[in-house]
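Please read these numbers as outputs of a predicted model, since none were measured by experiment.
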Amino acid sequence: MDDPSLPFKHAIGHGESWSHRNELAAPVMEWVERSDAFLQADAWLHDIFVRLQRGHVEANMSALYQGLHLLRRKCDREEWHVFCLESTRAHPLRQLLHLCPYSRHSYERPRGYAGDADLIDYVYSQRKTEDPPIGQSIYRFLYQQTGPQCVRERRMILAREIDTIAERVHQPRVLSIACGHLREAEQSRAVAERRVGQFLAMDQDTSSLEEVARQHPGGVVRPVCDNVRSIVLGRSVFESQDLVYSAGLYDYLSQNVAQRLTRRLFEMLRPGGRLVIANFALSTPDAGYLEAFMDWWLVYRDEEQMRDLAAEIDPAHISHMNLFRDSVGHVIYLELERR
């Protein structure tokens with residue numbers, strides 16, 4: 001099979017041997033130190049495009065994924081942004097990659113914004129589509145990457161949080177912020193057994209709320225159409241909650257807005273109530289592909305930034321704070337318990 005790392009050889013000169021796609025780090029470092037780095041990146045993208053057309057999707061997608069991750073790390077933010085807006089959007093590789101329904105959906109934004117609930121459903125379970133075989137193969141590759149793995153584990157962690165609060169509190173009140181399709185509730189034993197007193201599912205997308213209502217008839221889960229701005233400004237308040245959580249919202253918020261929202265959500269808790277926030281970590285290797293070919297831009301945080309989300313909360317009101325990463329290592333969770 002042809003070597004998908006071949007373009008990287010030219011970036012460091014003749015005589016170097018990079019026989020495996022995982023050995024991309026050093027060539028990319030040399031790339032970015034040279035003034036013609038992005039011209040070489042365009043040539044590399046073309047090489048990936050040709051190789052993908054020939055087949056061997058797994059090897060060439062892996063080379064693309066890793067190369068974009070490393071290039072993103074070595075560039076400054078402005079250079080990377082220009083590369084994504086000018087080079088990758090105009091490249092024929094994009095059209096080939098968008099035969100994958102997951103990549104195409106993100107780029108086209110049928111609901112008008114990135115990361116909608118339909119897109120997240122693509123990573124909860126592999127969908128059968130009518131797309132060409134190469135598009136389905138690209139989708140299968142992406143489904144197996146760390147980002148989708150983290151999203152699936154996030155659903156399990158949040159379902160466990162719901163079940164745990166139902167063990168601690170009789171008929172607890174639960175609030176999900178920017179709930180999407182609320183798939184974690186479908187995995188919760190407490191919700192299935194009606195051991196949750198009230199479950200508010202808040203989102204600004206009415207299509208998402210219609211799916212929530214369809215999946216949860218009977219009144220335990222109540223869809224609420226509202227937006228984050230209203231909460232931050234104090235116009236919308238959902239008091240006396242035992243559990244408040246947000247699964248994917250903070251990945252789109254600036255630090256200042258995220259801090260204000262965290263304080264507002266914390267204030268909605270009863271004494272002993274818990275606030276749980278999830279956010280993708282700075283180390284996430286999927287970011288290069290997401291930004292370059294899916295036009296999906298998240299706000300990535302480290303532990304210090306996650307801890308700083310509680311900066312506007314009086315420490316005397318916090319009985320417990322905990323930070324942890326999922327088993328994959330690329331989503332950070334902040335847990336706050338109210339005194």
Under 3.5 Å, side chain of [X] to main-chain N/O of [Y], donor-acceptor pair present?
X: Gln259; Y: Val257; result: no
X: Arg154; Y: Ala278; result: no
X: Arg152; Y: Val123; result: yes

Under a 4.5 Å cut-off applied to non-hydrogen side-chain atoms, are [X] and [Y] in contact?
X: Thr88; Y: Leu93; value: no
X: Val50; Y: Arg54; value: yes
X: Leu64; Y: Phe49; value: no
X: Ile231; Y: Met268; value: yes
X: Arg173; Y: Ser240; value: yes
X: Arg274; Y: Leu336; value: no
X: His181; Y: Asp121; value: yes
X: Leu97; Y: Met61; value: yes

My understanding is that only residues two or more places apart in sequence, or in another chain, count here; which of them pass ring-ring contact (aromatic ring centres under 6.0 Å, His included) with [X]?
X: His320; answer: none
X: Tyr107; answer: His98
X: His91; answer: none
X: Tyr333; answer: Phe324

Under 3.5 Å side-chain donor-acceptor pair for [X] and [Y]:
X: Asn227; Y: Gln204; value: no
X: His105; Y: Asp118; value: no
X: Asn279; Y: Arg301; value: yes
X: Glu184; Y: Tyr245; value: yes
X: Gln66; Y: Ser62; value: yes
X: Ser254; Y: Asn256; value: no

Can you tell me which residue pairs pass the salt bridge (Lys or Arg N to Asp or Glu O under 4.0 Å) test with a partner in [range], sequence neighbours excluded?
range: residues 240-262; value: Asp242-Arg270
range: residues 196-207; value: Arg111-Asp205
range: residues 212-238; value: Glu211-Arg214
range: residues 285-296; value: Arg72-Glu291, Arg77-Glu291, Arg89-Asp295, Arg109-Asp295

Rounded distance [0.5 Å steps], CG in Leu243 versus CZ in Arg168
9.5 Å

Rounded to the nearest 0.5 angstrom, the CZ-CD1 distance for Arg155 and Ile120 is 11.0 Å

Is it the case that more than 12 heavy atoms not belonging to Met156 sit under 6.0 Å from its CE atom?
no

More than 12 foreign heavy atoms under 6.0 Å from CZ of Arg263: is that the case here?
yes

Any link between [X] and [Y] through a network of hydrophobic side chains (Ile, Leu, Val, Met, Phe, Trp, Tyr) touching at under 4.5 Å?
X: Tyr300; Y: Met306; answer: no
X: Val244; Y: Leu182; answer: no
X: Ile48; Y: Leu290; answer: yes
X: Leu200; Y: Val169; answer: no
X: Tyr250; Y: Ile313; answer: yes

Can you label the angle between the Tyr143 ring and the Tyr139 ring as parallel, tilted or perpendicular, going by 30° and 60°?
perpendicular

Parallel, tilted or perpendicular, as decided by the 30° and 60° cut-offs, for the rings of Tyr102 and Tyr122
tilted

By salt bridge (Lys or Arg N to Asp or Glu O under 4.0 Å) - contacts of Asp116 (at least two apart):
none

Salt-bridge present (Glu303, Arg325; N to O < 4.0 Å)
yes

Holding to side chain to side chain donor-acceptor pair (under 3.5 Å), I want the full list of residues that pass it with [X], two or more places apart in sequence or in another chain.
X: Glu153; value: Ser327
X: His69; value: none
X: Glu193; value: Arg195

Aromatic ring proximity, centroids under 6.0 angstrom, Tyr252 and Tyr113:
no

